[in-house]
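Below: one structure, written as C-alpha cells.
Heavy atoms only: backbone and side chains are in, while hydrogens, waters and symmetry mates are out.
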Amino acid sequence: MKRRMICAALAALWLTVDVSAATDYTKGVFIVNEDWYGHQNSTVNYLLPDESDSECWHYRVLQEENPGRELGCTAQFGTIWKGRFYIISKQAKDPGASVEGGRITVCDARTMKILHQSVLIDPSGRQCDGRGFIGVDEHKGYISTSNGVWIFDLDTYEVKGQISGTDNPDAGEDATPGGSLYHGQCGAMVEADGRIFVAHQSEGLLVVDPATDRVIDRLKMDFIGEGAGIGSVVKAKDGSLWLSASPDVSGAGNTSPCIVSVDPKTLETKVVEMADGIFAPANSWYAWTPDAFCGSAKENALYWKGGASRWFSGSALYRYDIGTGEQTKLIDLEADGEDWKLYGCSMRVHPATGDIYMSLYHEFSIPTYVTRRYSSNGKLLREYPMIQNFWFPSLPVFPEEAYGSAVEVMESVHPGLRLVDDRLTAVGDTVMDVGVFGLDGIEVLHATLIPGESLSLDGLAPGIYVAVSGSDRIKFSYQKN
C-alpha cells in the first residue's frame, strides 16, 4: 500500500462548510413528470413527505439545480443506481420547448446536478426512443427503447451497442410514431438470479446474460392464448417474477384476466386468474409507460391499477398477497366521491416503509393534481396538494438511502469531485489526481481520473476518510466493508 503524508490537507479538514441552504435529496420522494407535451420539456418534483404543506414540495428541481438545462420530452422512467439518478426520456426535446435536453440524463442523486446528457441512444441516429433503465453493476447498465436494449457504460456514459435479439423487428429507417415504433418495443426490466429479464412487446419475456450481453432464453406468451403478449415484468420480495399479459401484441392496451408467476431459474410459469370483481394490471404499449404494476420490498405482495377501460381506468388499486393468494380491491377512488383518478403509471411502494405513493388528477384538461400516501392496507395517511400545472406525473422514485447507504459525507469542498454511495467521480473538465486517506494521514487508495471516471471505495474498512484532489477534499464516514 502506498503511504503518503498530507499534513496540510488534514489540518484543513475541520473547515466549516455552509450547506444549510441546500436541499437534502436523500430523504424524500422524487416524481418524474411527463409534463405538458407540446409546450415544455419534462420535469422532476421532489416531495418531503413529513414536512408541512407549505414546505413539502420542491418543484422542477432539475432546472433549479442546473440553470439553463432541462430534461428531454416525455420522461417516463427514472431510477437511482449507485448514487446516480438515471432519467430516460422518449425524445430529446419537446416540440414546444426552447431548450434541448436529452433522451438520457444522469444526475448526482444527492445534489441533482447533471453529470451527463445524451440526445441519442442509438449512436447511428436512427429512431430509438427511450423507455427504461436498469443498473447491472457499478460499470454497466441497460437502456430499453422502442428498438431494443442498449448497453450503457456507466464510467464513460457511452452507449456500447445493442443487445442482439432485443431489437424491434419492425423498426426501420422510416419508423414513426403510430408505425413500427410501437410494435416491437422493449419496456420493463428487472434483475433476478443474476440475469436481466426484459419485457418485449412481440417476443415475450427475454432473458439476458449480463456477463455476455446476450439473450440466452425467451418465454413466449402463447401459454396464455395463441398470439398473446406481455405487459410488464415485476419482481416480488421472495425473488419470483410476475407478468401482466395481453391477448395480443397490437399494443392496444387490452388485458388478459390474469397475472403470471415465473420462476427466474427455470422459467416455469403459473397462471393466476383474476377473481370476480378484480381487474388485471393495465398495460400501455401504445403510449408506453412503466405501468402501474409493482411488487413491495416490505411484504410479499403485488399492487396494480386496473379497470374496464384498460389503461385509462384509474379509480381502483388492487393487491395480491403471494403467500395466501388473496386478491383485494385495496383502494377505490370512486368511493371517495371527489372524482380523483390515478394518472397513468404514477404509483409505487416505498421500499423502506411499504407506503403507497399515488399521483391523482381529475381530467386531462384540468391542471389540478394531488399526491396521496396510503398505508399498505389502503388507509389514507396524507394528501399533498400541488400548485396548478399540467404535470402528467409518470413515476415515483425513492432515494437510495431507503435501502441503506455506505457513505455519509461529513464535510466537503469539492467543485470537481463528487462522492455518491461508494464512488468518487470526477465531474470537472480536467484530469484529477485523487487520493483517499485515513485520519492517520496514510493513503489507502489512489487514482488518476479523467472527467466522468469514478473510483470505487468498495473494500475499504469501516471508518472516517478524506478524499483529496489538489485543494478539493471530502471528509466522509464509510459504514460498510
Side-chain angles (χ1 to χ4, degrees), residues 30 32 75-90 103-107 109 116 118 121-122 128-155 157-167 185-201 203-219 230-237 239-244 262 264 288-291 293-295 297 345 348-349 351 394-400 402-403 421 423:
F30 295 99
V32 177
Q76 290 287 9
F77 188 89
T79 191
I80 295 174
W81 174 253
K82 301 293 184 182
R84 285 177 279 185
F85 195 169
Y86 295 86
I87 304 170
I88 306 300
S89 302
K90 289 185 176 179
R103 283 180 167 89
I104 305 169
T105 300
V106 185
C107 297
H116 170 79
S118 176
I121 298 176
D122 182 344
C128 188
D129 286 3
R131 297 295 183 254
F133 171 91
I134 188 169
V136 175
D137 56 32
E138 64 178 6
H139 301 294
K140 181 171 66 176
Y142 291 154
I143 298 172
S144 61
T145 73
S146 61
N147 184 19
V149 175
W150 297 79
I151 305 160
F152 191 50
D153 189 312
L154 305 189
D155 298 317
Y157 301 127
E158 294 178 303
V159 175
K160 295 294 188 178
Q162 185 189 69
I163 297 178
S164 178
T166 65
D167 57 301
Q185 313 162 73
C186 288
M189 299 182 290
V190 298
E191 182 279 330
D193 195 38
R195 297 176 292 174
I196 305 298
F197 294 80
V198 181
H200 190 292
Q201 184 180 1
E203 296 298 318
L205 186 67
L206 305 182
V207 186
V208 177
D209 178 5
T212 61
D213 299 322
R214 297 182 62 183
V215 174
I216 57 173
D217 211 338
R218 65 190 67 217
L219 177 67
I230 193 173
S232 292
V233 54
V234 302
K235 184 178 178 180
K237 183 183 177 184
S240 60
L241 302 180
W242 290 83
L243 314 179
S244 55
V262 180
W288 187 85
T289 77
D291 291 350
F293 178 36
C294 65
C345 63
R348 285 296 183 267
V349 179
S394 181
L395 200 64
V397 178
F398 304 101
E400 210 163 28
Y403 304 88
D421 198 19
R423 298 171 66 88

For V136 against P210, the heavy-atom pair lying closest together: CG1-CB, 3.5 Å
For the student: nearest non-hydrogen atoms of R131 and F77, plus distance: O-CB, 3.1 Å
Heavy-atom closest pair, residues C345 and P290: SG-CD, 3.5 Å
Side-chain heavy atoms of L154 within contact of Y86, under 4.5 Å: yes
Lys/Arg-Asp/Glu bridge criterion (N-O < 4.0 Å) met for R103, D129: yes
Nearest atoms (heavy-atom pairs only) where H200 meets C186: CD2-SG, 3.4 Å
Plane angle bin for F133 and F152 - parallel if under 30°, tilted between 30 and 60°, otherwise perpendicular: perpendicular
Side-chain donor or acceptor of W81 paired with backbone N/O of D137 under 3.5 Å: yes
Side chain proximity check, I151 to I163, heavy atoms < 4.5 angstrom: yes
Whether F85 and F30 hold their rings parallel, tilted or perpendicular, with breakpoints at 30° and 60°: tilted
Check: S144 side chain, G187 main-chain N or O, donor-acceptor pair, under 3.5 Å: yes
Distance in Å, D209 CG paired with D217 CG, rounded so as to fall on 0.5 Å steps: 11.5 Å
Shortest non-hydrogen contact from A297 toward P351: CB-O, 3.9 Å
Distance (rounded to the nearest 0.5 Å) between I87 CD1 and L395 CG: 10.5 Å
Side-chain donor-acceptor pair present, Q76, T289, cut-off under 3.5 Å: no
V198 vs E203 side-chain heavy atoms within contact, under 4.5 Å: no
Non-hydrogen side-chain atoms of L241 and K235 separated by less than 4.5 Å: yes
Closest contact, heavy atoms only, D122 versus C128: CB-CB, 3.8 Å
Check: Y142 and D213 side chains under 4.5 Å, non-hydrogen atoms: yes
Reported CZ-to-CZ distance for the pair F197 and R218, which is rounded to 0.5 angstrom: 13.5 Å
Flag side-chain contact, heavy atom, 4.5 Å: V233 against V262: no
Any side-chain heavy-atom pair of V208 and V149 under 4.5 Å: no
